[in-house]
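Inspection log for the structure reproduced underneath, given as structure tokens.
Just so you know, residue 1 is the first one in the sequence shown, and it goes up from there.
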Amino acid sequence: ALMRVISDLHDQFVAKVVAGRGLDEAAVRAVADGRVLTGRQALERRLVDAIGGEPEARAWLAAEKGVAENLPVRDVKT
């Protein structure tokens, strides 16, 4: 029963990547097996748009979504 749940969640994940990235399902399934990828490897496979950190993310949000680059960030500890 647990394997059916895991398989269903995996199928949902693959479907979201296919839809969100516009990739072929077979290509997504070829790498969606739990492996770890470097940023460069993910970029080559079109799984990410760019490599960067918080400064790059803030610049992108400002340019693309109009979010102020100096908007305070609050770390939430759980």
Is it true that [X] and [Y] fall in one hydrophobic cluster, defined by side-chain heavy atoms closer than 4.5 Å?
X     : Y     : value
Leu43 : Leu23 : no
Val17 : Val48 : no
Val18 : Phe13 : yes

Going by side chain to side chain donor-acceptor pair (under 3.5 Å), name the pairs with one or both residues in [range], residues two or more places apart or in two chains.
range          : value
residues 52-61 : Glu54-Arg58
residues 26-46 : Asp11-Arg29, Glu25-Arg29, Asp33-Arg35, Thr38-Gln41
residues 63-78 : none

